[in-house]
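One is the number of the first residue; the rest follow in order along the sequence. Both ligands and their constituent atoms are indexed starting at 1 by order of listing.
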Amino acid sequence: MKYRNKRVFLILFTFCLSWNTFANTPKNKGYNLWLQYETVNNVALKKHYQNRIQGLMPLGDSQTIQYAYKELELALSAMLDKAFISVDNTKNLNNLVVFGSKSNLTKEFLKALPNEFHKINDEGFIIKAVSVKGKNHILITGKTDVGVLYGVFRFLRVIQMHRSIENLSMIDSPAIQVRTLNHWDNLDRTVERGYAGSSIWDWHRLPDYIDSRYIDYARANASVGINGTVLTNVNANALILTDQYLEKVEALSNVFRPFGIKVYLTARFSAPIEIGGLETADPYNEDVKNWWANKAKAIYERIPDFGGFLVKANSEGQPGPQNYNRNHVDGANMLANALKPFGGIVMWRAFVYSEHDVTDRAKQAYSEFVPYDGQFKDNVLVQVKNGAIDFQPREPFHPMFGAMPKTPLMMEFQITQEYLGFSTHTVFLPKLYEEVLQSDTYAQGKGSTVAKVIDGSLSDVKLTGMAGVSNIGSDINWTGNVFLQANWYGFGRLAWNPNTSSKTIADEWLRLTFSNNNNFVDALTTMLIESREAVVNYMTPLGLHHIMGTGHHYGPGPWVSNLSRPEWNPVYYHKADEHGIGFNRTHSGSNAVEQYEPKVANMFNDVNSCPGEFLLWFHHVPWDYKLKNGETLWNGIALKYQEGVNQVKNMISIWDKMKPYVDEERFNNVKMLLSIQFKEAKWWRDACLLYFQQFSKMPLPKTVDKTEQNLDYFMSLEFPFAPKD
Ligand code: BDP
């Protein structure tokens with residue numbers, strides 16, 4: 001950038017940036033997420049930073065670089081208690097933070113990076129201590145301005161985590177291309193499975209009113225490398241594709257673009273009928289094809305970098321190609337053709353199961369999709385949930401991973417806690433994500449992890465992606481429970497690098513969000529990591545699944561058996577009777593195991609080698625079956641429920657000791673929610689054990705607390721207004 005002097009540069013920034021930073025928002029630390037930018041309180045460390053950072057030198061004048069500048073200025077002045085000069089050339093100055101993309105680097109700076117650029121992709125960055133004309137600087141660069149912005153956030157993270165910035169040398173690129181949040185947000189601002197207020201998209205006031213929250217949302221996403229947002233619910237409303245709404249979508253995309261975030265929309269398959277006046281949505285019909293082609297063209301005229309469509313078709317009543325006797329390939333490829341000229345993609349969901357299919361629900365998506373391997377157009381990603389049922393506290397990895405080597409498969413995780421106690425329960429989901437990503441599919445022999453399927457390294461698929469169903473809403477702290485911000489953060493980190501460990505994520509997030517005090521970080525890292533196992537224990541231990549209340553999925557409902565579709569009933573999943581409990585998915589049962597590679601299939605099929613945590617997922621086992629720990633199955637289940645309750649109790653006692661490290665507002669938010677979680681963990685334990693005890697007819701082990709209530713009481717509870725949509 002060739003600003004004549006510093007003054008021009010600053011004026012430009014003042015006028016270009018009318019956004020509210022976190023710093024200007026009401027003093028609520030929950031709102032500030034992991035971008036707290038607390039003042040560094042260690043004197044020596046602060047001196048070190050102050051000495052090494054004398055000024056800022058942006059290169060380039062894109063909005064992205066302007067935002068990078070603004071972020072650095074905001075963060076550094078807050079953390080280091082110091083104002084920064086801003087220059088447009090190094091002059092004789094020492095210790096500048098120089099940031100800009102490769103094409104804007106001067107020869108001297110380029111020379112300082114002889115081998116680095118070929119190690120990064122278009123979104124990657126390089127952060128390096130360099131010496132130019134005898135002066136030392138910190139250079140943050142990449143092939144694109146968005147890469148630079150990612151580098152700036154990473155650089156700030158180093159300081160937020162109180163690490164040295166001496167001799168910096170960091171090179172990193174995202175391993176996955178499409179890193180999206182899926183908002184299940186409706187146009188009336190309700191959020192399906194949302195537990196943090198209403199939708200942050202203020203459709204009524206868009207396009208003219210740009211809520212400062214949109215910018216803070218974009219900053220938060222960019223800070224962890226999320227580069228796409230699907231604005232609307234998978235249970236789609238065709239109206240989003242009308243001009244009236246596209247104008248609003250365009251306004252949002254203009255806000256997000258400088259942060260490297262593309263906008264995607266959900267496409268309702270029947271839109272040509274509903275808003276196009278056609279009589280059919282048959283993907284073979286020429287008028288239908290033209291309608292979508294014209295729609296794509298109209299969208300790209302407004303939004304040149306529009307990402308594409310996410311589609312839920314022929315699933316849970318949504319329209320799709322099967323309504324016209326066509327298949328998923330026909331439907332996905334028709335939309336892919338419409339988007340192709342503009343560089344857009346289709347994310348076609350594989351979450352399908354049918355009441356007309358009497359086979360095990362866990363088998364249906366695989367049966368329906370795997371035969372299509374290799375038939376989808378190259379701009380289609382098939383989006384697959386992490387497990388074959390539905391976002392349960394624990395599921396084995398979906399057997400589709402590894403089974404479609406010629407098709408790009410995109411991971412879909414749920415960040416919002418539909419089946420995990422809503423935003424009331426503190427559950428650290430990166431632990432769950434890690435477990436799935438590190439599962440070995442054996443698709444190409446040992447070491448063929450799900451992560452390698454997703455990042456494309458196991459085959460030569462060109463597109464890669466990971467989606468997270470958002471837990472974000474209009475609550476001041478975004479996620480209803482400040483701890484659940486960690487799940488948004490962790491999703492972003494894993495989408496960037498699916499091999500990041502959940503422990504690293506917990507450690508980072510705690511430092512950025514709360515405190516660098518090691519006592520705090522150590523205690524809470526342990527607590528977060530354990531929180532995932534706790535929810536499994538008090539809800540669905542030993543492979544139990546889908547035994548939640550009807551519709552809203554709030555609380556236990558193992559007794560439910562009256563729903564119209566068999567596979568909606570908890571009894572379908574646990575199959576408890578006087579002989580035992582569990583779903584036989586072995587060769588002698590539904591044979592779902594067969595969908596895995598033989599090595600994995602054999603492990604799950606044999607009750608002796610099946611991992612304990614999946615026992616009842618794959619086996620129907622007698623109540624007096626001896627577990628590996630020597631307990632009977634009945635005792636084992638009961639002890640797990642109790643263990644879950646104990647774990648929550650322990651979480652409370654850890655949190656109580658953390659008061660000195662946390663502001664009052666966030667401390668109380670978490671404290672109150674943990675005590676609800678404790679109550680509900682006991683509810684889960686008592687209701688499930690009373691229900692299953694009818695079949696086992698065995699006494700509870702002594703260490704399991706008894707309830708005052710009876711089963712009828714639990715069965716009588718109703719929650720007509722529990723959040724759902
Ligand atoms: C289920 C949810 C439902 C979603 C569906 C989906 O209960 O609200 O629409 O998944 O992912 O888990 O399409």
Using a strict 4.0 Å threshold on nitrogen-to-oxygen distance, state whether R349 and E412 make a salt bridge. yes

F351: numbered ligand 1 atoms lying under 4.0 Å from its heavy atoms: 5 (C), 6 (C), 10 (O), 11 (O), 13 (O)

With the threshold set at 4.0 Å, does a side-chain nitrogen-carboxylate oxygen contact exist between R213 and D202? no

Should K385 be listed as contacting ligand 1, given a heavy-atom distance under 4.0 Å as the test? yes

Flag for Q417-R193: side-chain donor and acceptor within less than 3.5 Å: no

Is Q414 touching ligand 1 with its side chain, its backbone, both, or neither, if touching means heavy atoms under 4.0 Å apart? neither

Protein contact to atom 1 (C) of ligand 1 [nearest heavy atom, distance to 0.1 Å]: D390 OD2, 3.1 Å

H183 and T229: which non-hydrogen atoms are nearest, and at how many Å? CD2-OG1, 3.3 Å

Run the ring-centre check on F397 versus W617 and record whether the distance is less than 6.0 Å. no

Considering heavy atoms of the protein only, find what lies nearest to atom 13 (O) of ligand 1 and give residue, atom and distance to 0.1 Å. K312 NZ, 2.6 Å

Select one of side chain, backbone, both or neither to describe which atoms of N235 lie under 4.0 Å from any atom of ligand 1, heavy atoms only. side chain

Looking at E530 and K431, is any side-chain nitrogen of the basic one under 4.0 Å from a carboxylate oxygen of the acidic one? no

Would you mind checking which non-hydrogen protein atom is closest to atom 2 (C) of ligand 1, with the distance to 0.1 Å? E418 OE2, 3.2 Å

Nearest non-hydrogen contact with atom 3 (C) of ligand 1 belongs to which option: Q383, E192, Q318, K724? E192

Can you tell me if NZ on K289 sees more than 12 non-hydrogen neighbours from other groups inside 6.0 Å? yes

So if I count the atoms of ligand 1 from 1 in the order they appear, which ones are less than 4.0 Å from some heavy atom of Y419? 12 (O)

Centroid separation F483 to W509 less than 6.0 Å: yes

Give the residue, atom name and distance (to 0.1 Å) of the protein heavy atom nearest atom 5 (C) of ligand 1. E316 OE1, 3.3 Å

Do ligand 1 and H553 have nitrogen or oxygen atoms that lie under 3.5 Å from each other? no

